[in-house]
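Protein chains get the first letters and strands the later ones, always in sequence-line order, with residue 1 at the start of each.
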Amino acid sequence: MSTYLNDLNPNQRAAVEQTQGPVMIVAGAGSGKTKVLTTRIAHLLNNDVDAFRILALTFTNKAAAEMKERIESILGNNESRNLYIGTFHSIFARILRQEAPKLGYPSSFTIYDSDDAKNLIKTIVKEFNLDDKIYKTNTVYGRISSAKNALIPPMDYIQDKSIGSEDARANKPMIGQIYAEYSKRCFRNGAMDFDDLLMKMYELLAQHPDRLEYYQQRFQYIMIDEYQDTNVAQYKIVDMLAKKHKNICVVGDDAQSIYSFRGATIENILKFKDDYENVKVIKLEQNYRSTKSIIHVANQIIGRNKNQIPKNLWTDNKAGDLIKLVRTRTDNDEGRYVADAIKEQKLRNHYDNKDFAILYRTNAQSRSFEESLRKAGIPYRIYGGLSFYQRKEVKDFIAYLRVVVNQRDEEALKRIINYPTRGIGKVTLDRLALTSMQNDVSLWETIQNLSGTNVSGGAANSIQNFVLMMRYFQESLTSKNAYELADEVGKQSGIIKDLYADKSVEGMARYENVQELLNSIKEYVESPNEDGEVEEDKSLSTYLQNITLLTDQDNNNEEDKNVVSLMTIHGSKGLEFKNVFAVGLEENIFPSAMSLFDRESLEEERRLFYVVVTRAEENLWITHSNTRYRFGSLVSNEPSRFIDEIPKEYVDMNYSGGLSGSSGGGFNRNTNEFSESYNKYDKSARYGTSKSTRKAIDNNTSTTSIKEQILQKKRKEDFEHVPAQNFEPSDPDSIEVGDRVEHTKFGYGKVVNIDGGMHNRIATVEFEKAGSRRLMLTFAKLSVEK
DNA sequence: CTTTACCCACTTTTT
DNA sequence: GTGGGTAAAG
């Protein structure tokens, strides 16, 4: 008998062993959800279920990769190769490649990312002679995307009265027409966008009963991670697939639903029980990740939300430290503070770089942290943001490859037809576009034969040469592997030469990026297939199919492992870190300015706050800055309302001790702003504590030690030092053991020891009232008594 | 036709 | 502060 079941608690084990019938697992943060899912799959395999019969869907590549890895390590063999584990998008893309002809698409269809999609929309808006101030690309794209995620095709969209009046009210009555044209063009270009991967999958199953039958039969066991984040399309597809065998297991946590902007509807998890008969509901409520303090704070926060499934998250872990609250003066100070704190923690508690994460609400906030970490010599990695494949030079190069594989891919063709510049300018392109539109053919077809166009002379000549070159590439498509062909493209097209010629810093970086792309293609060609597909095909087309849905974070270099992680809170879902810095806790940033108007989106922001708090295993810092640069100008933001929602007895305002002083850090109790917001909080405190969270506190056996901490903190606060009027910090390098020093907050004391290196000297100071403290001299602001 | 110089809109969050 | 788009200059 296998031992893997013994590692599970009773509820986890029940979830694993309940393999038949519909199961809903409500899994709180850190309750071992991934462990349950992976063990469950291993258990199925162990009980003679064929890997081919199992489908497991996740939302991110990261989650899918982790599941695969963990199943392999449980099984100790590569039986998992035949499993279908992946994101909704990548699994459906794989199926759609095989079924493409049924839908009229080529199996080598291109996948448009949102940039491609937006460019196409922009083109259409222009062709329709619409005002792009009214028909903003992002808005139109958003409308189309939501329609697709709700499985509304263009004709239904146009005919739907309520949608029509909604668009009319917004003064955008033509969106339906744009949507129709957009779909037509995607189809003609042999391209699907992200949303099509869902919608076309649905159409395949809905319109082809034999395919539905086939996939129902094939996927007898279906598991879905993060079910609270599914949208209507995902829901419908899964529902159809599972209808026959009804062995469907969904895992989710309504408290962590943070993707409604992408069409996710919390309804799906709430109504699951109505969709199937005899649904087994299993709750996982024991948290194995975080300290009691963190869990308590998290429960308090989420307790403020109205809409939720009642649950009681608890932990047996130690009480842990209080939440460290830090205010800084500027965003750069915030960056510096975090870098210094990481340095200090590493020295003091022997943490590795990988034990730290800096989590922010928007990608744009990463800059100040990048800068400070670089200066401090701390290695880091930014996840998300502009991924490698989205960089202009990489996209340009890939555009060549895309056209070689699929000539109809018009977005790619437009990128490269005059890159590097070959004398095919705007006027020429406009003429070509016009002819294409009149004849209703693709741009590629138009440029095959220029006789019907009014393009001539140098431009016509260039186009002919371009066409010849692309045809030449296409001829090698089957004879050359991906790397050989890509290398050829780089050289013949002139891209490499063009990039090499630019000797500026950015230009060199671009050149290196393209070289890196070529390297990765080479690696792809030389590495064995681990996809589970039995294909030794290393052609360019298979390569492209493999990368389009890879956003980033796939290059898990060993050397990259022990680094500080920077990412958005959305990106951090499912991950855990010993030390978490939740940064930029300011009104208009977090909660986002967009969310302040209605309760629902504010609650979603609060769930997001819940997510970031529950990422932390041991220590959680919450930082915010008085001022920061946004859109290039200085703005000042109020502290986030979420800060007030943390029970104040769990907050250590003095944590930043050494940082207090003019450079900010911690709450200065002389500014009454903070106590005001606390008074506000006190009045509403009762409403904040739900029954379930209160129970969690009562169950908390070692609250005493937390109380003890709170008492200690109170004692610390009992003294108040007013610095001398002429207080001026001394040069940190001049401070020696034995000096009598004054600190702005801790008062007078004596330096008893100094350790640490040249630029991060740490002094141990015995203060008369504040006791013994270890302070980093670079920012402690100590004045030596003469 | 290409390069340069300004202007603007941009910041939620992801596949 | 950036990147893309447009208008004028080369």
Side-chain angles (χ1 to χ4, degrees), chain A residues 57-64 86-93 111-115 117-119 122 126 132-133 136-139 142 145 148-149 192-199 201 226 229-231 233-234 256-264 331 359-368 371 383-387 389-392 418-430 455 457-459 461-462 506 548-553 567-573 584 588-596 601 604-605 607-609 611-612 628-635:
Chain A
L57 297 172
T58 68
F59 275 82
T60 63
N61 295 312
K62 219 189 307 179
T87 62
F88 279 92
H89 291 85
S90 69
I91 295 284
F92 293 168
I111 297 171
Y112 276 178
D113 66 13
S114 31
D115 285 340
K118 286 175 189 170
N119 284 335
K122 221 179 276 176
K126 226 175 265 173
D132 60 4
K133 289 264 183 334
K136 286 192 182 159
T137 313
N138 282 326
T139 315
S145 178
K148 288 185 175 180
N149 284 321
M192 294 195 197
D193 66 15
F194 287 145
D195 303 315
D196 283 333
L197 295 175
L198 304 180
M199 195 156 90
M201 182 71 196
E226 311 280 16
D229 289 334
T230 48
N231 60 34
Q234 289 161 327
Q256 294 185 65
S257 159
I258 54 175
Y259 281 105
S260 70
F261 69 93
R262 211 167 76 189
D331 44 354
L359 307 178
Y360 34 76
R361 179 64 180 81
T362 67
N363 281 305
Q365 285 165 260
S366 67
R367 179 163 300 127
S368 62
E371 224 163 83
Y383 292 83
L386 251 205
S387 93
Y389 296 107
Q390 286 173 306
R391 289 178 201 180
K392 189 182 174 303
N418 196 32
Y419 172 77
T421 48
R422 48 174 70 87
I424 305 169
K426 195 179 173 305
V427 178
T428 309
L429 270 177
D430 282 348
V455 174
N461 201 31
S462 296
E506 307 85 47
T548 327
L549 288 170
L550 277 190
T551 36
D552 62 331
Q553 57 219 355
M567 64 185 95
T568 63
I569 298 168
H570 282 88
S572 75
K573 194 159 76 149
N588 296 321
I589 293 181
F590 192 15
S592 139
M594 313 293 225
S595 72
L596 302 177
S601 46
E604 177 146 320
E605 295 285 305
R607 290 194 292 270
L608 200 52
F609 187 48
V611 167
V612 71
R628 71 174 60 240
Y629 277 91
R630 268 189 117 190
F631 320 109
S633 62
L634 195 67
V635 295

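Contact annotation: A/Asn61 does not reach the phosphate of B/dT14 (side-chain N/O to OP1 or OP2, under 4.0 Å). At the phosphate of B/dT2, OP1 or OP2 sits under 4.0 Å from a side-chain N or O atom of A/Asn418. Remark: A/Asn363 is in phosphate contact with B/dT14, judged by side-chain N or O atoms under 4.0 Å from OP1 or OP2. Phosphate contact (OP1/OP2 of B/dT15, side-chain N/O of A/Ser90, threshold under 4.0 Å): absent. Listed pair A/Lys122 / C/dG5 meets the phosphate criterion, a side-chain N or O lying under 4.0 Å from OP1 or OP2.
Closest to the side chain of A/Ala364, from the set B/dT11, B/dT15, B/dT2, is B/dT11.
Remark: B/dT13 base-pairs with no nucleotide; criterion is Watson-Crick or G-U wobble with both hydrogen-bond distances under 3.5 Å.
Nucleic acid contact class of A/Phe590 (heavy atoms, under 4.0 Å, all strands): none. Note on A/Asn149: nothing from the nucleic acid sits closer than 4.0 angstrom, heavy atoms only. Counting non-hydrogen atoms under 4.0 angstrom, A/Asp195 reaches nothing in the nucleic acid.
The closest side-chain heavy-atom distance from A/Leu198 to A/His89 is below 4.5 Å.
Classification of A/Lys148 and A/Asp196 as a salt-bridged pair holds, one side-chain N sitting under 4.0 Å from a carboxylate O. By the 4.0 Å N-to-carboxylate-O rule, A/Lys426 lies close enough to A/Asp430 to be salt-bridged with it.
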